[in-house]
There are 2 protein chains.
Amino acid sequence: MTEPVLSPDPVSDDLAALPPLGRSRQIMDALARYIQARNLQPGDRLPPERELTAALKVGRSSIREVVSQLSALGIVEARIGSGTYLLRQISAETIYMPLSLSADGLAEALLMTLEVRRGIEIEASIAAARRRTPEDMARMQEALEEMERTHHREGGSGKADFAFHMTVYDAAHNPLFRQLLEQMRDIFERFWDRPFDRPDFAARSFPYHRTLFNAICAGDTAAAAEETRKILDVVEEDIRNMRP
Amino acid sequence: MTEPVLSPDPVSDDLAALPPLGRSRQIMDALARYIQARNLQPGDRLPPERELTAALKVGRSSIREVVSQLSALGIVEARIGSGTYLLRQISAETIYMPLSLSADGLAEALLMTLEVRRGIEIEASIAAARRRTPEDMARMQEALEEMERTHHREGGSGKADFAFHMTVYDAAHNPLFRQLLEQMRDIFERFWDRPFDRPDFAARSFPYHRTLFNAICAGDTAAAAEETRKILDVVEEDIRNMRP
DNA sequence: CGACTCAAATTGGTCTGACCTATTACCAAT
DNA sequence: ATTGGTAATAGGTCAGACCAATTTGAGTCG
């Protein structure tokens with residue numbers, strides 16, 4: 001189809017003259033605006049590099065540089081022969097906070113990571129208990145009941161657990177919680193075959209979900225923190241029993 | 001000087017034949033091993049791209065790609081005309097956890113970030129109260145007294161505050177805490193002119209540092225969490241009063 | 001001897017064009 | 001309708017040239 005890039009895109013004009021500072025950041029912002037202007041959503045394919053080259057008026061090397069950086073940041077995924085796909089939202093105002101960690105072993109790394117994640121999850125629960133709206137409560141209740149319906153089944157409870165926690169994060173009304181914890185869970189599951197799908201794990205952890213839900217609805221920050229801690233303790237126990 | 005790369009570096013041989021999967025990750029690992037083998041420390045300059053090209057047996061584009069990714073991940077900083085410098089440790093086993101966040105304004109972003117940071121800091125304090133050793137206590141006490149000596153001075157108290165908190169993170173005996181919080185503080189201060197150096201800020205926050213120290217030494221996890229929360233609340237207040 | 005000047009070497013940044021490989025799309029033959 | 005193969009498409013790599021900023025060092029002047 002080779003849809004012609006019709007927008008003059010004022011950004012590209014600016015770019016032509018500026019070598020001073022952080023050009024790659026400028027190109028990244030231009031690309032972000034380009035994506036925003038076309039309202040591309042996660043999952044969508046962005047234009048081929050050679051087309052972006054023409055649209056943003058920069059060499060293909062420069063395009064590849066920023067795409068490569070976005071790929072390293074987990075914003076974008078390049079599939080050879082197919083195209084480059086958007087993985088998560090991006091805007092020119094996006095702040096990137098790359099963290100790196102080194103650990104001796106996998107279980108070690110997971111336990112250390114879990115300790116950090118526990119801190120974040122607890123704070124999210126506290127924020128949720130403070131700021132949840134009636135709509136949040138309705139969404140959480142729905143997800144909770146779906147979880148209770150499926151917790152005995154083999155494969156489905158993982159997704160339900162995930163969905164419930166997402167509603168909690170959203171109830172905190174700080175989008176960072178969802179972003180961070182979603183990404184942390186992604187990373188977690190990349191190195192760990194999700195125990196959420198193992199019935200015994202679900203059985204041990206899911207009672208706390210309703211008490212957490214009740215605490216958040218009651219606005220009881222201390223109880224919300226405590227129930228979240230219990231849930232994460234089950235996860236920790238499971239990691240310790242792992243050891244491949 | 002053009003120091004010849006004398007090590008055959010078995011890594012590069014592997015690379016020559018492998019196009020299948022994640023080549024850039026492989027090159028990154030090879031580069032990490034290369035850095036490890038030479039024992040390069042943060043601040044050191046790594047070999048020029050053209051030299052790495054020869055050493056790792058890949059085109060300059062590929063080298064630039066991974067260096068660009070490492071730059072985006074905050075591992076490395078390229079200074080045009082000077083060289084590329086190592087910012088933090090790296091190894092072939094390093095796990096990258098890039099996070100991105102979008103917010104309406106800077107203060108908004110800082111507050112959201114601070115809420116996350118608070119969760120991590122509190123968990124670090126709890127871990128410290130559980131796992132601190134006598135040596136940790138000695139180090140914390142020394143840093144605390146240095147902080148109390150300098151808290152009235154104009155510029156020095158920021159560094160002392162930083163140093164004290166680092167000893168707390170270390171006392172948690174989970175290196176992730178130090179890594180993450182160090183990086184988060186870096187990012188924070190990139191967008192915020194450190195209030196630590198403002199005397200009124202130091203005056204309001206530093207009393208809690210001794211109570212925190214006492215709680216950690218006593219192994220009182222609840223008190224350690226509480227005092228940490230108070231310190232972060234002062235920071236939050238300061239951000240709210242900022243508004244440029 | 002010290003400090004300054006300026007040119008050359010060094011180094012990262014960009015562009016171009018070529019070629020490779022994997023994927024996708026399309027069209028013809030069965 | 002299914003299959004099979006071919007062309008177009010897209011990202012990945014390489015090579016060479018050139019640019020711009022920095023660093024280095026020789027040479028010069030005070």
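The shown structure was predicted, so the numbers you read here are calculated from the model rather than taken from an experiment. So that the names make sense, note that chain A is the first sequence line, chain B the second, and so on, each numbered from 1.
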A.B. asks: Once you round it to whole Å, what is the distance between P of dA15(D) and NZ of Lys57(B)?
C.D. replies: 12 Å

A.B. asks: Main chain of Val58(A), side chain of Ser62(A): is a donor-acceptor contact present, judged purely on distance under 3.5 Å?
C.D. replies: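 Looks like no, no N/O pair under 3.5 Å.
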
A.B. asks: Indicate whether OP1 or OP2 belonging to dT13(D) is found under 4.0 Å from a side-chain N or O atom of Arg64(B).
C.D. replies: no

A.B. asks: Expressed in angstrom and rounded to an integer, what is the separation of Leu52(A) atom CG from dT9(D) atom P?
C.D. replies: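 Nearest whole value for this atom pair: 16 Å.
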
A.B. asks: What is the distance from CE of Met28(A) to C1' of dT14(C), rounded to the nearest Å?
C.D. replies: 16 Å

A.B. asks: Measure from the side-chain N and O atoms of Asn241(B) to the backbone N and O of Asp238(B), and report whether any donor-acceptor pair falls under 3.5 Å.
C.D. replies: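 No: the side chain of Asn241(B) does not pair with the backbone of Asp238(B).
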
A.B. asks: How long is the line joining CD of Glu49(A) and P of dT16(C), in whole Å?
C.D. replies: 15 Å

A.B. asks: For the base of dG17(C), is there a side-chain donor-acceptor partner from Arg60(A) under 3.5 Å away?
C.D. replies: no

A.B. asks: Roughly how many Å is it from CD in Gln69(B) to C1' in dG12(D), rounded to a whole number?
C.D. replies: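 Checked: the CD to C1' distance equals 12 Å.
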
A.B. asks: Going by heavy atoms closer than 4.0 Å, what residues in residues 75-90 of chain B are next to DNA chain C?
C.D. replies: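 By residue number: Ala78(B), Arg79(B), Ile80(B), Gly81(B), Ser82(B), Gly83(B), Thr84(B).
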
A.B. asks: Quick one: does any side-chain atom of Thr150(A) pair with a main-chain N or O of Glu146(A) as donor and acceptor, under 3.5 Å?
C.D. replies: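 Confirmed, Thr150(A) side chain pairs with Glu146(A) backbone.
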
A.B. asks: Closer than 3.5 angstrom, by distance alone: can the side chain of Thr167(A) be matched with the main-chain N or O of Phe164(A) as a donor-acceptor pair?
C.D. replies: yes

A.B. asks: With a cut-off of less than 4.0 Å, is there a side-chain N or O of Ser62(A) near OP1 or OP2 of dG13(C)?
C.D. replies: no

A.B. asks: Without decimals, in angstroms, what is the distance between Gln26(B) CD and dG12(D) P?
C.D. replies: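 Between P of dG12(D) and CD of Gln26(B): 14 Å.
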
A.B. asks: Can you check whether Gln41(B)'s main-chain N or O pairs, donor with acceptor, with Asp44(B)'s side chain at less than 3.5 Å?
C.D. replies: yes

A.B. asks: Relative to the 5' end of DNA chain C, which residue comes earlier, Ser61(A) or Pro47(B), by the nucleotide with the nearest heavy atom?
C.D. replies: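 Result: Pro47(B).
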
A.B. asks: Report the distance from atom CZ of Arg50(A) to atom P of dG12(D), rounded to the nearest whole Å.
C.D. replies: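 Checked: the CZ to P distance equals 10 Å.
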
A.B. asks: For the pair made of CZ in Arg45(A) and P in dT9(D), what is the distance, rounded to whole Å?
C.D. replies: 11 Å

A.B. asks: Minimum heavy-atom separation for Arg88(B) to Gly74(B), with atom names?
C.D. replies: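 Closest heavy-atom pair between Arg88(B) and Gly74(B): NE-O, 3.3 Å.
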
A.B. asks: Closer than 4.0 Å, any side-chain N/O of Arg23(A) to the OP1 or OP2 of dC15(C)?
C.D. replies: yes

A.B. asks: To the nearest 0.5 Å, what is the distance between CD1 (Ile75(B)) and OG1 (Thr94(B))?
C.D. replies: 6.5 Å

